[in-house]
Amino acid sequence: MAEQLGSLARTHTCGALRASDVDARAVLLGWVQKVRDLGQIVFLDMRDRHGITQVIVQDDADLLEKAKRLRSEFVVGIEGVVERRDPETVNTKLPTGEVEVRAATIRVLNEAKTPPFIIGDEQAVSEETRLKYRYLDLRRPALQQNIVLRHRITMALRKYFDEQGFLDVETPILTKSTPEGARDFLVPSRVHPGEFYALPQSPQLFKQILMIAGMDRYVQIARCFRDEALRADRQLEFTQVDIEMSYATPELVFEIVEGALAAAFTEIGVTISRPFRRMGYAEAMAVYGSDKPDLRFDLKIQDVGAHFAESPFGIFREAIEHGGTVRGFVIPGAGGASRREVDEIVELAKQAGAAGLIWARRTADGVQVSAKAIGEPTTAAVLDAMGAGAGDLVVLACGAADATSKMLGQLRLTVAKKRDLIPADRWELLWVTEFPLFEWNADQQRWDSLHHPFTSPREEDLPRLASDPGSVRARAYDVVLNGWELGGGSIRIHDRETQATVFRLLGLSDEQAKLRFGFFLEALEYGTPPHGGLALGLDRIVAMLAGESSIREVIPFPKTTQAVDLMSDAPSTVDVAQLRELRIRTEA
RNA sequence: GGGGUCGUAGUUCAGUUGGUUAGAACGCUGCCCUGUCACGGCAGAGGCCGCGGGUUCGAGUCCCGUCGACCCCGCCA
């Protein structure tokens, strides 16, 4: 039977007591982590989020009997005196290990069922079980540390942006649907039957309007919603550190954002070097096959098409004749790989979408290549050109330049992981710049924004905006850490005319543009300062700094890849009366 | 929408070529134990082998379907 807290007021957390507290009276409130019943002595480990303190129960028969009835995860209050432990009984693994509390009072504030997994244990538990009992998982030290780190990073960022003159402004959660980009989450309006709000995919237009409104520098830790497939680094709802600045240049944004990330890294005791490296989109794609390259390891993609223009190996020669290329990279130390290991790499390439993968390496008496038709002289020349040494393996693929690099970029990542080529504890931050403004949408026969329709073209490319849209580069930039896109942004269009031109290129008629963005286009006409900004993925930043490979580990209540909250069982059906009130009829 | 990995006790896992009564560790329950902290000792309980169908004399094991978790592609202005 549960007892009342009564007059028990906490004097110390379970992580607080030290040798300097000896002889003090202490009241601890927390969970029983473990009971060690030795008969005439009972030890209790008391736990809260601050730590663990050992309590000793001895001599008092009533108290002993009560202590023996305690079980893991009972919530108890202990009142007693702090005692120094004998030197031989000190527990050096605990910060509180020099002392223990000799219990005079034990109050059972609540009992607990046996939990499905042990809270104070490092043993792995399936994510399914952890998500169902998230309140228990959150009690475990690993997740508690992540939540604490998230808090500290959030606080550091708020402090930093405040110091830089940013104003924290809230924007609506119930807003207007703008069907470009990701699928919207819609919220039916009861007052306006048949009409819907949308949850924001980002506060993009609102933050730009805040610049028009004269807020000058804006920051918001903003929840965003996108109804798209979930991944280790993507949830339906996620948190952006959203910023926007009037009179911004890319350099100014870089400086501000680098400072913010430096502040975040300080929370894990890491000093990052600034300014970050810069890389054009074209180089990133060509050399790393990705717009978010992981620079912790090399395996750089090289173009060796020149060696195959007249090759007797038809597949490569024809690829070049059709305007394609031959590219590949060196896998250091894989030269001695067994046939099975090499086949495995070829198989990985197929999974990445390669039609085929040719490999080559040096042997004791020359060179070896998986396509004999290439011939030894060409093979040797390619190995030389790529800088492949005795112990290395070279892999080659052909096709359209972009597709080949992308495929090799994927292979690069899986090979690096599999062969353990990625150094731990390295932080490779970079800016990817000079993105194209548009990409051609073959299905719809029109241009799509690569970033979003409010991104400003580079001034020197402006003359080609109407004549050659594909060649126009954007004033957009992504910040990348170890192969994760941490954030992205741009300098925005701030004049009505350029904005209208871009909408037309995107296939939006003036009427459609007015319907969707009319309020914004009108706002642009009332004296809009040049402005720009960026949004950082807070979940990704925290996950990275926590050393986690999934953002679910830094989100208190995440959803599964099937978009289900296993704890609350959302989504769920609702009462017909609710639907009727909203004038909604379901099909199923 | 597509590809892959996994699903056996509360938990994490093992389970041979298809063969008698499905095991281990931790956890849990009871008893013993005055310095434990991965306490120890003794005894015990605990299984729809995800679910449905099929093949077979016989299925945890083979086949088909389905559900769920995770990873990847597509998707994510």
Side-chain angles (χ1 to χ4, degrees), chain A residues 33-47 52-59 64 68 71-73 83 85-94 96-97 100 102 113-133 136 178-184 200-202 204-205 224-236 238 347-348 350-353 406-407 410 413-414 417 435 437-439 441 447-455 474 476 485 488 490 502-503 506 508 516-517 535 537 549-550 552 558-562 564 566:
Chain A
Q33 163 129 326
K34 183 82 184 170
V35 183
R36 285 182 295 279
D37 179 356
L38 276 65
Q40 290 306 302
I41 295 187
V42 173
F43 293 104
L44 305 175
D45 284 341
M46 290 274 294
R47 185 197 69 240
I52 290 172
T53 300
Q54 175 165 282
V55 172
I56 180 168
V57 185
Q58 201 176 12
D59 299 332
L64 273 168
K68 286 167 189 283
R71 294 292 178 269
S72 291
E73 302 313 314
E83 293 185 353
R85 298 202 204 178
D86 289 338
E88 61 271 23
T89 63
V90 164
N91 186 344
T92 51
K93 291 177 203 157
L94 293 179
T96 60
E100 60 198 0
R102 183 164 296 270
K113 288 166 66 174
T114 301
F117 49 83
I118 304 164
I119 308 300
D121 200 26
E122 296 301 315
Q123 181 167 38
V125 179
S126 79
E127 194 164 359
E128 202 169 349
T129 306
R130 292 175 51 205
L131 287 172
K132 181 172 177 194
Y133 298 97
L136 297 179
T178 54
E180 281 72 28
R183 271 183 287 271
D184 279 328
Q201 296 181 22
S202 89
Q204 184 61 35
L205 290 178
C224 303
F225 305 85
R226 293 178 191 174
D227 187 6
E228 296 292 348
L230 295 90
R231 289 277 202 288
D233 61 348
R234 278 155 45 186
Q235 282 274 305
L236 296 184
F238 60 100
E347 185 52 39
L348 289 174
K350 282 184 183 152
Q351 281 167 23
K406 266 190 194 170
M407 184 280 290
Q410 271 185 48
L413 289 176
T414 46
K417 264 177 220 150
F435 285 87
L437 188 60
F438 302 110
E439 59 185 346
N441 182 331
W447 296 98
D448 281 346
S449 291
L450 194 70
H451 187 50
H452 60 54
F454 315 104
T455 303
E485 180 192 325
S490 62
V502 167
F503 279 149
L506 296 174
L508 274 179
R516 289 180 192 173
F517 305 111
S549 53
S550 164
R552 292 188 299 273
K559 289 171 185 63
T560 67
T561 53
Q562 291 305 304
V564 171
L566 290 179

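Since the model is a prediction, treat every value here as computed from it, not as a measurement. Residue numbers begin at 1 in each chain, while the letters A, B, ... track the order of the sequences.
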Quantified in whole Å, what is the [atom1] atom distance between nucleotide [N] and nucleotide [M]?
N     : M     : atom1 : answer
B:A9  : B:G50 : C1'   : 14 Å
B:A69 : B:C64 : P     : 23 Å
B:U16 : B:U61 : C1'   : 10 Å
B:C26 : B:C39 : C1'   : 15 Å
B:C62 : B:U55 : C1'   : 8 Å
B:G46 : B:U8  : C1'   : 14 Å
B:A59 : B:A24 : P     : 25 Å
B:G30 : B:C57 : C1'   : 45 Å

Which residues pass the salt bridge (Lys or Arg N to Asp or Glu O under 4.0 Å) test with A:Lys417, not counting sequence neighbours?
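A:Lys417: no salt bridge (Lys or Arg N to Asp or Glu O under 4.0 Å) contacts found.
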Under 4.0 Å, counting only non-hydrogen atoms across every strand here, what does A:Ser202 touch: a base, just sugar-phosphate, or nothing?
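A:Ser202: base contact, heavy atoms under 4.0 Å.
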With B for base contact, S for sugar-phosphate-only contact and - for none (protein heavy atoms under 4.0 Å), nucleotides 67-72 of chain B reads -SSBSS
Reading 5' to 3' through nucleotides 35-46 of chain B, protein heavy-atom contacts under 4.0 Å coded B for base, S for sugar-phosphate only, - for none
BBBSB-------
Would you list the protein and nucleotides 2-10 of chain B atom pairs, both N or O, that sit under 3.5 Å from each other?
{"unit_1": "B:G10", "atom_1": "O2'", "unit_2": "A:Pro116", "atom_2": "O", "d": "3.1"}

So for atom NZ, which belongs to A:Lys406, do other residues, nucleotides or ligands contribute more than 12 heavy atoms lying within a distance under 6.0 Å?
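Atom NZ in A:Lys406 is not packed in, count stays at 12 or less.
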Take the protein atom [atom1] of [X] and the nucleotide atom [atom2] of [N], then report the distance between them rounded to whole Å.
X        : N     : atom1 : atom2 : result
A:Gln40  : B:U34 : CD    : P     : 6 Å
A:Gln204 : B:C76 : CD    : C1'   : 16 Å
A:Lys68  : B:U29 : NZ    : C1'   : 16 Å
A:Leu64  : B:U34 : CG    : C1'   : 10 Å

Whether A:Ser72 side chain and A:Gln33 backbone form a donor-acceptor pair below 3.5 Å
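Yes; at least one donor-acceptor contact below 3.5 Å.
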Please check: side-chain N/O of A:Gln235 versus main-chain N/O of A:Arg552, any donor-acceptor pairing under 3.5 Å?
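Side chain of A:Gln235 to backbone of A:Arg552, a donor-acceptor pair under 3.5 Å: no, none is there.
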May I ask you to decide if the ring planes of A:Phe503 and A:Phe517 are parallel, tilted or perpendicular, using 30° and 60° as cut-offs?
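Plane angle under 30°, so parallel.
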What heavy-atom pair brings A:Phe454 and A:Gln204 nearest, and what distance separates the two atoms?
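Between these two residues, the closest heavy atoms are CD1-CG, 4.0 Å.
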CA sep, side-chain torsions, deciding dist, call: A:Arg234, A:Glu228, salt bridge (charged side-chain N to carboxylate O under 4.0 Å, His left out)
CA-CA 9 Å; A:Arg234 278 155 45 186; A:Glu228 296 292 348; 5.8 Å; no
Distance-only donor-acceptor test, A:Arg234 side-chain atoms vs B:C76 base atoms, 3.5 Å
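Answer yes: a donor N or O sits under 3.5 Å from an acceptor.
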side-chain hydrogen bond (donor to acceptor under 3.5 Å, both in side chains) involving A:Asn91 - partner list, sequence neighbours excluded:
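Scan of A:Asn91 (side-chain hydrogen bond (donor to acceptor under 3.5 Å, both in side chains), adjacent residues dropped) gives none.
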Every protein N/O lying under 3.5 Å from an N/O of nucleotides 22-24 of chain B:
none

